[in-house]
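Below is one structure, written out as structure tokens; the observations come after it.
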Amino acid sequence: MFDFSTVVDRHGTWCTQWDYVADRFGASDLLPFTISDMDFATAPCITDALHQRLDHGVFGYSRWKNDEFLAAVVHWFQQRFACPIDTDALVYGPSVIYMVSELIRQGSNPGDGVVVHTPAYDAFYKAIEGNQRRVVGVALEKDATGWQCDMNALEAVLAQPQNRILLLCSPQNPTGKVWTRDELTTMAALCERHNVKVISDEIHMDMVWGEHQHIPWSAVARGNWALVTSGSKSFNIPALTGAYGLISDEPSRSAYLQALKNRDGLSSPSVLALVAHIAAYRQGEPWLDALRQYLEANLGYVAETLNAAFPALNWQPPQASYLAWIDLRPLNLDDNALQKVLIEQQKVAIMPGYTYGAEGAGFVRLNAGCPRSKLEQGVQRLIAGIRSLG
């Protein structure tokens, strides 16, 4: 019904992943598996809705706080997560990271600590340090069942009064960990106990595999919190911009909207982003479910192929996201040597794990959000690059 196998040529479209791969990897002729957008055309229901809006021909100032958009978000959270939404708590923003940055500014002071689980999404480090706050890392620990958080270690840093915010990634990027209800409930209680605000980035919420279930922070929240997310990852529409969130208390919500509108002049959203989100959340479920099946099969291919080549890896697909967080530590490789081989000999761009902090050393992050034919090339080049170092 939906075609995810046909390759769409993204060259010449000002595409970060393809046209600007040299910015990060130093060469332009690379096959990229890098930042977290996908090589698929978005859902037909979205393009149909965009065409209809384009045919209207007038693109004046718009409002995000309209009944259609609010109702679409309510419908999606109820349909996908059985989670009710208070529309009075809903806010809008140009991107999830903008919202995270603004909430960090409002919930802490320069020099304060922001707690994150590491390895962490690299934009988290930039948002924290770029706002003159300190990154306070709590390392996730890998065991036979997946990635675990030492709650005693987490409480030890939450108890320090200079650490004002827990910036949670749920599901977690780059590990792909899906937080259980028990874990979320424990974190909520710890943050309430130590008067720590929670900002939960849930942009990967729709990409959870198998028996795992995403639980929105709002379902367990206590104290002062915000949840921020977008349909941009799920429906591959980040270039349209647009994100939204829930802010628990009215004073914080008012302060956020004041900054959005009066300080930053960003209260008029991209009308195409609104149209896309409404179409996605009202009509896009069949497309998303078909995409999820394709992506899960892609990740299964990565596991099967890598483990056949290197049985010592015993790599298992992540619990969430189309980003394969591959632990190469059993092979005792030099990260820099591997990147050099991949770039110069194999002509492939795969994110080195150290991009996501010191705890990422020995890993690579490979974006499997692409047609299988491209993924096969990337995995085979990764295997060849590893073998060349042996």
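Just so it is clear, the structure is predicted and the values come from calculations on it, not from any experiment.
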Between Gln106 and Glu102: side-chain donor-acceptor atoms closer than 3.5 Å: yes
Give a yes or no answer on whether the side chain of Asp19 reaches the backbone of Gly12 with a donor-acceptor pair at less than 3.5 Å. yes
Give a yes or no on whether Gln148 atom CD has more than 12 heavy-atom contacts from other residues, nucleotides or ligands under 6.0 Å away. yes
Do Val138 and Val178 sit in the same hydrophobic cluster, where Ile, Leu, Val, Met, Phe, Trp and Tyr count as joined when their side-chain heavy atoms come under 4.5 Å apart? no
Could you pull out the closest heavy-atom pair between Arg53 and Val275, with the gap in Å? CG-CG2, 3.8 Å
For Leu323, which of Met207, His204, Met351, Lys233 qualifies under side-chain contact (heavy atoms from CB on, under 4.5 Å)? His204
Taking the six-membered ring for Trp, are Tyr356 and Trp325 ring centroids under 6.0 Å apart? yes
Pairwise side chain to side chain donor-acceptor pair (under 3.5 Å) hits with a residue in residues 73-82, at least two apart: Trp76-Asp206, Gln79-Glu285, Arg80-Glu285, Arg80-Asp289
Consider ring pair (Phe, Tyr, Trp, His ring centres under 6.0 Å). Of Phe40, Phe4, Tyr294, which one does Trp287 pass it with? Phe4
Verify salt bridge (Lys or Arg N to Asp or Glu O under 4.0 Å) between Arg193 and Glu155, making sure each step is shown before the conclusion. CA-CA 10 Å; Arg193 181 182 306 161; Glu155 181 167 21; 2.8 Å; yes
For Asp3 and Ser5, which heavy atoms make the closest approach, and how far apart are they? OD1-N, 2.9 Å
Side-chain donor/acceptor of Asn307 to backbone N/O of Ala309, under 3.5 Å: no
Does Thr42 use its side chain to pair, donor to acceptor, with the backbone of Phe235 at less than 3.5 Å? yes
Looking at Glu250 and Arg253, is any side-chain nitrogen of the basic one under 4.0 Å from a carboxylate oxygen of the acidic one? no
Hey, would you say the Phe310 and Trp315 ring centroids sit under 6.0 Å apart? no
Can a donor-acceptor pair be found, under 3.5 Å and without considering hydrogens, that links the side chain of Arg365 to the backbone of Thr34? yes
Within one Ile-Leu-Val-Met-Phe-Trp-Tyr cluster: Val379 and Val348, side-chain cutoff 4.5 Å: yes
Would you say Ile35 and Tyr354 are hydrophobically clustered, going by side-chain heavy atoms of ILVMFWY under 4.5 Å? no
Would you confirm whether Asn195, through its side chain, and Glu192, through its main-chain N or O, come within 3.5 Å as a donor-acceptor pair? no
Pairwise distance CG(Leu366) to CD1(Ile350) - rounded to 0.5 angstrom: 4.5 Å
Please determine if Lys142 and Glu359 form a salt bridge, counting it only when a charged side-chain N lies under 4.0 Å from a carboxylate O. no
Pro251 backbone acceptor or donor facing Ser254 side chain under 3.5 Å: no
Exactly one of Asn314, Ile383, Leu328 clears side-chain contact (heavy atoms from CB on, under 4.5 Å) with Leu306, and that residue is Ile383
Is it true that Asp112 and Arg133 make a salt bridge, defined as a side-chain N closer than 4.0 Å to a carboxylate O? no
Residues in salt bridge (Lys or Arg N to Asp or Glu O under 4.0 Å) contact with Arg329, at least two apart in sequence or another chain: Asp327
Please check if the side chain of Ser268 supplies one atom and the backbone of Ser62 the other of a donor-acceptor pair under 3.5 Å. yes
For Lys197, which residues count as a side-chain hydrogen bond (donor to acceptor under 3.5 Å, both in side chains) partner, sequence neighbours excluded? none
Glu202 backbone acceptor or donor facing Thr229 side chain under 3.5 Å: yes
Tell me whether the count of non-hydrogen atoms from other residues, nucleotides or ligands lying under 6.0 Å of CD in Gln213 goes above 12. no
Could you check whether any side-chain heavy atom of Leu291 comes within less than 4.5 Å of a side-chain heavy atom of Phe2, counting everything from C-beta outward? no
Is there a donor-acceptor pair under 3.5 Å between the side chain of Gln17 and the backbone N or O of Cys15? no
Look only at the side chain of Gln172 and the backbone of Thr175, and say whether a donor-acceptor pair between them is shorter than 3.5 Å. yes
Please tell me whether Tyr244 and Tyr92 form a close aromatic pair, meaning their ring centres lie under 6.0 Å apart. no
Does the separation of the ring centres of His117 and Trp179 fall below 6.0 angstrom? yes
Determine whether Trp64 and Val58 fall in the same hydrophobic cluster, where Ile, Leu, Val, Met, Phe, Trp and Tyr are linked whenever their side-chain heavy atoms lie under 4.5 Å apart. no
Distance-only donor-acceptor check, side chains Asp249 and Trp225, under 3.5 Å: no
